[in-house]
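Contents: one structure, followed by commentary.
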Amino acid sequence: MTLRVRLGDRREMRDHPLGTTEAGFRAGLTQQEAFTRGRGPFSGDAESVFSERELFVTAPDDEVLAVATITGVREYDGELLVDGDLVVDHERVGTRLLIRTPAENVFSCADEESAWAGSVERARWIYVRAVVEVATVKTASYDRRLAGADPAADPATTLATADETMQVVPRYVMIHRSGKLRLGGPYADVADWDGHVEPWSDYGYVDCLRLDDVLGTSGDLDIDALRPLTSRAAAAELLESLGWDKVVRRFVEAR
C-alpha cells in the first residue's frame, strides 16, 4: 500500500505549519517543492495514513511528481501532516497512476495493483525493487563484516573476508506473479521450501532475476558495482540499459 495526495490549484498561504507561502500545483515544481506541498496538512483517514510507508505526490492529471519515505504523521488543526524523506529521482516519478480520483488535497491510499494495475510501468517498478533489495542485503552483509572485524587484523584479510561473505547469498530474487519478492541463492533453478527442493514456478513465481545476468558477470560480485544499485534511480537506469522489453518479459507474459 502507498499513501497518495493529488495537488489542487495553486494558492497563496499564510501561517502554514511548514512555513510555505504557496500551496497546490504549478508547472515546473521540483521534486522537493512537490514533496513539501504534498505533506499537508490535508484531511484523510488517520488509521490508514499512519500505517503507510511511502507518500506519492501527484499533479492534477495524476502524474507522480515526488515520492518520499514516511517517517511520521502528525495531527494539525484537525488534519494530518506527513513527515518523511524525499526519495530523489524515484523510478515512479514521471509515471501516471492508472486508477484516478477527482479528490484533491486529500490523503488516500492505494495498493500497487490498483494504482498501476497490470501495466508495464508496474512491472518495471517491481524489477527495480528486486535489484535494490538484493543489492541492499549484500552490501549490508559486507559492511557488517567490516564493522565487526578485529581492528588489529590485517586490512587486506579483513576486506577479503567481507568480500567472501558478500558473495554467498542472496544471489537472485524470485518474482511472484503478484509482485511479491523472495531472495535466494546461490542457485536459481530450484527453491528449497522447508527442506523440499522444488521448482519455484510451482509456487506462482514467474521469473528469477539473477544479479550475475544484470551485472553481466559470471564470477565474484564487486562491492563497488553493488553499492550504486541500492539507489532506485541507479537500479532503474541499469535495467533500462538492458532493455525493459527483455527484462520484464516473463512477468508481463505471466500476467
Side-chain angles (χ1 to χ4, degrees), residues 1-2 52-54 56 64 67-69 87-95 98 110-143 166-193 198-255:
M1 295 287 289
T2 61
E52 296 309 321
R53 297 177 58 188
E54 287 186 315
F56 286 74
V64 179
V67 180
T69 300
V87 181
V88 179
D89 295 329
H90 188 285
E91 71 277 3
R92 296 307 262 166
V93 171
T95 66
L98 301 180
D111 59 75
E112 287 182 23
E113 188 66 37
S114 64
W116 284 276
S119 67
V120 173
E121 289 293 344
R122 176 176 179 265
R124 292 175 181 174
W125 191 19
I126 290 170
Y127 278 72
V128 169
R129 283 177 33 227
V131 171
V132 169
E133 190 163 335
V134 177
T136 298
V137 170
K138 293 187 82 64
T139 54
S141 174
Y142 181 93
D143 292 339
M166 182 191 72
Q167 300 301 329
V168 185
V169 291
R171 195 76 177 196
Y172 64 86
V173 56
M174 294 183 294
I175 301 174
H176 196 272
R177 63 169 58 93
S178 67
K180 180 176 65 177
L181 305 175
R182 186 182 182 109
L183 301 179
Y187 306 108
D189 297 328
V190 294
D192 188 337
W193 310 99
E198 301 175 14
W200 42 262
S201 56
D202 289 353
Y203 290 82
Y205 289 92
V206 297
D207 203 354
C208 187
L209 192 68
R210 299 169 174 83
L211 272 178
D212 304 72
D213 294 338
V214 171
L215 294 173
T217 178
S218 59
D220 288 348
L221 299 172
D222 180 61
I223 185 64
D224 291 331
L226 284 178
R227 283 201 191 281
L229 298 182
T230 59
S231 158
R232 290 179 170 187
E237 183 178 355
L238 175 61
L239 291 178
E240 183 176 11
S241 71
L242 299 176
W244 283 118
D245 57 329
K246 298 177 182 178
V247 173
V248 305
R249 177 180 52 80
R250 283 200 284 183
F251 180 83
V252 173
E253 289 175 351
R255 299 292 294 172

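- Under a 3.5 Å cut-off, the side chain of T136 and the backbone N or O of E133 do not form any donor-acceptor pair.
- Smallest separation of non-hydrogen atoms from V87 and T69: CG2-OG1, 3.5 Å.
- Residues L181 and I175 approach most closely at CD2-CG1, 3.8 Å, considering heavy atoms.
- With hydrogens and angles disregarded, a donor-acceptor distance shorter than 3.5 Å links the side chain of Q167 to the backbone of L221.
- V67 has its side chain within reach of V64: a pair of non-hydrogen atoms, C-beta onward, lies under 4.5 Å apart.
- Atom OH of residue Y142 and atom CD1 of residue I223 lie 6.0 Å apart, to the nearest 0.5 angstrom.
- A salt bridge does not link E237 with R124: none of the charged nitrogens is closer than 4.0 Å to a carboxylate oxygen.
- Closest approach of A234 to P228, counting heavy atoms only: CB-O, 3.1 Å.
- Rounding to the nearest 0.5 Å gives a distance of 12.0 Å between CD1 of I126 and CG of L209.
- The closest side-chain heavy-atom distance from L238 to L215 is below 4.5 Å.
- Atom CG of D222 and atom CZ of R227 lie 10.0 Å apart (nearest 0.5 Å).
- Distance check: L229 CG to T139 OG1 gives 9.5 Å after rounding to the nearest 0.5 Å.
- Side-chain atoms of K138 come within 3.5 Å of backbone atoms of P170 as a donor-acceptor pair (strictly under, hydrogens ignored).
- To the nearest 0.5 Å, atom CZ of residue R182 and atom OH of residue Y172 are 8.5 Å apart.
- A heavy-atom distance below 4.5 Å is not found between the side chains of D207 and H176.
- Side chains of L226 and M166 form a contact here, defined as non-hydrogen atoms less than 4.5 Å apart.
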